[in-house]
Amino acid sequence: MECEKTGFNFAVKLSYSLTDKSNLPQNLKRDMIFSLHCFRSVFGDTGEVYPNPVLKKYALEAIIEKGSIPADMLDAPQKLTLYETVYNIVSMNTATDELRAAWFLIFPYVIALDAPHEQELYYKIRELIFTEAVFEKVLESRYSIYTADSVQELWALDMPNLIVDWMLPYIEYKNEKNAKGVSRDVERYQKWLASGRFADVFEGTEKLLDTFPDDETLLLVNIASRISLDKSVHKDDHQKLLQETVNLIDSVLERPTQKKAFFLYYCGLAYLGLKRVDEALDKFNECLDVCPNFESAHMMIRAIKEKLGKTEILS
């Protein structure tokens with residue numbers, strides 16, 4: 001498992017730090033940190049999160065290096081159950097919405113380990129994590145693009161019913177639409193696009209389109225990320241990506257669309273990236289045929305005319 005990519009390591013590091021800063025008894029904090037280490041170690045190389053000063057502070061380094069608790073160790077830490085570990089972490093006085101969001105994202109791994117299901121603790125954990133403030137933090141997290149976009153996706157992956165039960169409220173939250181018909185999930189990608197997170201937007205919207213292929217706002221965000229990515233990819237990949245974008249837009253324009261002007265505009269931008277200027281101008285002009293007041297298309301046409309010195313010829 002890619003523990004760095006999925007946010008697992010982030011959750012572990014943050015948990016170490018906030019557990020250390022909490023007002024819990026020292027022995028309980030030591031047990032929690034040790035139990036957390038044991039949980040993380042199940043998923044492979046722990047070098048990405050160690051060495052960690054918190055482990056040294058709680059005299060756990062020797063145990064971790066040895067791989068077991070010495071039989072004659074008098075102050076050996078106690079290994080908590082997975083549910084106890086998570087509940088103690090998300091309920092401590094230093095627990096933040098960011099921490100709880102991190103645990104929302106990795107709790108399915110607790111379930112996947114077939115740990116004994118502790119019903120009472122499970123609902124206490126849910127009560128602390130399943131809040132709008134925490135879900136908002138989940139949605140903001142760069143790790144959230146790897147979560148399922150629908151219950152059908154979870155079923156297709158043959159996920160246990162308990163994971164479906166865990167994920168369902170968040171899936172409903174992020175897919176809820178505003179008055180303009182735009183989901184929270186798509187709004188999130190619009191904000192990321194505006195802030196320049198093109199790679200995250202491209203990866204996330206590519207995945208989301210598998211679930212919502214006809215969402216035109218989502219398509220436009222995806223297309224905008226493709227075009228914005230072009231300068232950060234290898235030249236050959238850049239050409240391929242832009243040509244794929246042109247093909248994608250052509251397929252969209254084969255059917256009725258309420259956002260035709262936008263698709264034509266982005267098609268023009270893609271052609272510009274491919275250095276096919278005449279075709280770009282055609283698309284910008286088609287955009288203006290659909291929406292005469294599309295200022296960005298006017299600006300692109302003027303810029304091309306000025307750069308090529310074709311003002312009079314193209315007028």
Side-chain angles (χ1 to χ4, degrees), residues 1-131 133-134 137-138 141 143 162-163 166:
M1 184 179 81
E2 298 184 53
C3 293
E4 189 64 39
K5 184 177 180 179
T6 59
F8 207 121
N9 288 345
F10 172 76
V12 170
K13 293 174 186 176
L14 186 58
S15 297
Y16 282 157
S17 175
L18 295 181
T19 298
D20 178 45
K21 295 174 183 177
S22 74
N23 61 2
L24 294 171
Q26 287 293 106
N27 64 326
L28 177 56
K29 290 197 280 189
R30 187 168 184 248
D31 292 345
M32 289 165 61
I33 292 167
F34 174 67
S35 301
L36 182 55
H37 159 73
C38 293
F39 175 45
R40 171 61 182 84
S41 64
V42 171
F43 295 95
D45 179 25
T46 56
E48 296 162 317
V49 289
Y50 305 117
N52 189 292
V54 174
L55 298 174
K56 184 175 182 179
K57 178 178 179 179
Y58 288 87
L60 293 170
E61 281 187 323
I63 297 174
I64 290 170
E65 288 175 4
K66 184 177 177 61
S68 63
I69 299 175
D72 59 348
M73 188 173 188
L74 298 177
D75 59 343
Q78 299 299 307
K79 185 178 177 182
L80 307 175
T81 70
L82 286 174
Y83 280 63
E84 287 172 340
T85 302
V86 177
Y87 176 70
N88 282 323
I89 290 171
V90 300
S91 64
M92 59 190 177
N93 68 303
T94 50
T96 61
D97 287 336
E98 182 181 35
L99 177 69
R100 291 174 177 140
W103 275 99
F104 170 81
L105 289 168
I106 68 170
F107 192 76
Y109 297 109
V110 174
I111 299 171
L113 286 177
D114 288 329
H117 181 62
E118 300 178 62
Q119 187 85 343
E120 185 176 350
L121 281 178
Y122 176 73
Y123 283 112
K124 285 183 177 180
I125 293 167
R126 282 177 62 108
E127 185 176 354
L128 290 166
I129 290 180
F130 285 32
T131 68
V134 172
K137 288 292 183 182
V138 175
S141 169
Y143 305 114
L162 194 56
I163 290 182
W166 179 262

So which heavy atom on [X] is nearest to which on [Y], and how close?
{"X": "I111", "Y": "I163", "answer": "CG2-CG1, 3.6 Å"}
{"X": "V138", "Y": "A101", "answer": "CG2-CB, 3.5 Å"}
{"X": "S41", "Y": "C38", "answer": "OG-O, 2.8 Å"}
{"X": "M92", "Y": "S15", "answer": "CE-O, 4.3 Å"}
{"X": "Y87", "Y": "K124", "answer": "CE1-CB, 3.7 Å"}
{"X": "L36", "Y": "V12", "answer": "CD2-O, 3.9 Å"}

All side chain to side chain donor-acceptor pair (under 3.5 Å) counterparts of [X], not counting sequence neighbours:
{"X": "E118", "value": "T81"}
{"X": "Y83", "value": "H117"}
{"X": "T19", "value": "none"}

Exercise for the section: For P25, check side chain to side chain contact (heavy atoms under 4.5 Å, CB included) against everything at least two apart and list the hits. Expected result: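 Per chain and number, P25 pairs via side chain to side chain contact (heavy atoms under 4.5 Å, CB included) with N27, L28.
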Problem - All side chain to side chain contact (heavy atoms under 4.5 Å, CB included) counterparts of N93, not counting sequence neighbours - result: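 Listed in chain order: S22, N23.
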Excluding sequence neighbours, so at least two apart, what forms salt bridge (Lys or Arg N to Asp or Glu O under 4.0 Å) with [X]?
{"X": "K56", "result": "none"}
{"X": "D20", "result": "K57"}
{"X": "K79", "result": "none"}
{"X": "K29", "result": "none"}

Is there side-chain contact between [X] and [Y], with at least one heavy-atom pair below 4.5 Å?
{"X": "T6", "Y": "L105", "value": "no"}
{"X": "L24", "Y": "M32", "value": "yes"}
{"X": "R126", "Y": "F107", "value": "no"}

Problem - Point-to-point distance, once rounded to the nearest 0.5 Å, from CZ of F34 to CG of L60 - result: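 So the gap between those two atoms works out to 7.5 Å.
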Exercise for the section: Starting at CG of L82, measure out to CG of D114 and round the result to the nearest 0.5 Å. Expected result: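 Output value for this atom pair is 11.0 Å.
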Test ring pair (Phe, Tyr, Trp, His ring centres under 6.0 Å) applied to [X] - qualifying residues, sequence neighbours left out:
{"X": "F39", "answer": "F8, F43"}
{"X": "Y123", "answer": "none"}
{"X": "Y58", "answer": "none"}

Practice task
Mark yes when over 12 heavy atoms from residues, nucleotides or ligands other than E120 sit less than 6.0 Å from its CD; otherwise mark no.
Solution key: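 Atom CD in E120 is not crowded, with 12 or fewer foreign heavy atoms closer than 6.0 Å.
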Practice task
Output yes when a side-chain donor or acceptor of S17 lies under 3.5 Å from a complementary backbone atom of L14, and no otherwise.
Solution key: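 Here the side-chain-to-backbone pair does not exist.
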Problem - Backbone N/O of V90 and side chain of R100: donor-acceptor pair under 3.5 Å - result: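 Yes: the side chain of R100 pairs with the backbone of V90.
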Practice task
Could you walk me through whether T85 and I89 pass side chain to side chain contact (heavy atoms under 4.5 Å, CB included), step by step?
Solution key: CA-CA 6 Å; T85 302; I89 290 171; 3.9 Å; yes
Handout entry: Ring centres under 6.0 angstrom apart (Y109, W103)
Key =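 No, ring centres 6.0 Å or more apart.
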Problem - Criterion side chain to side chain contact (heavy atoms under 4.5 Å, CB included) on Y16 and L55, from CA distance to verdict - result: CA-CA 8 Å; Y16 282 157; L55 298 174; 4.0 Å; yes
Exercise for the section: Could you label the plane-to-plane angle of the W166 and Y122 rings as parallel, tilted or perpendicular, counting under 30° as parallel and over 60° as perpendicular? Expected result: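 Because their plane-to-plane angle lies in the 30° to 60° range, the rings of W166 and Y122 count as tilted.
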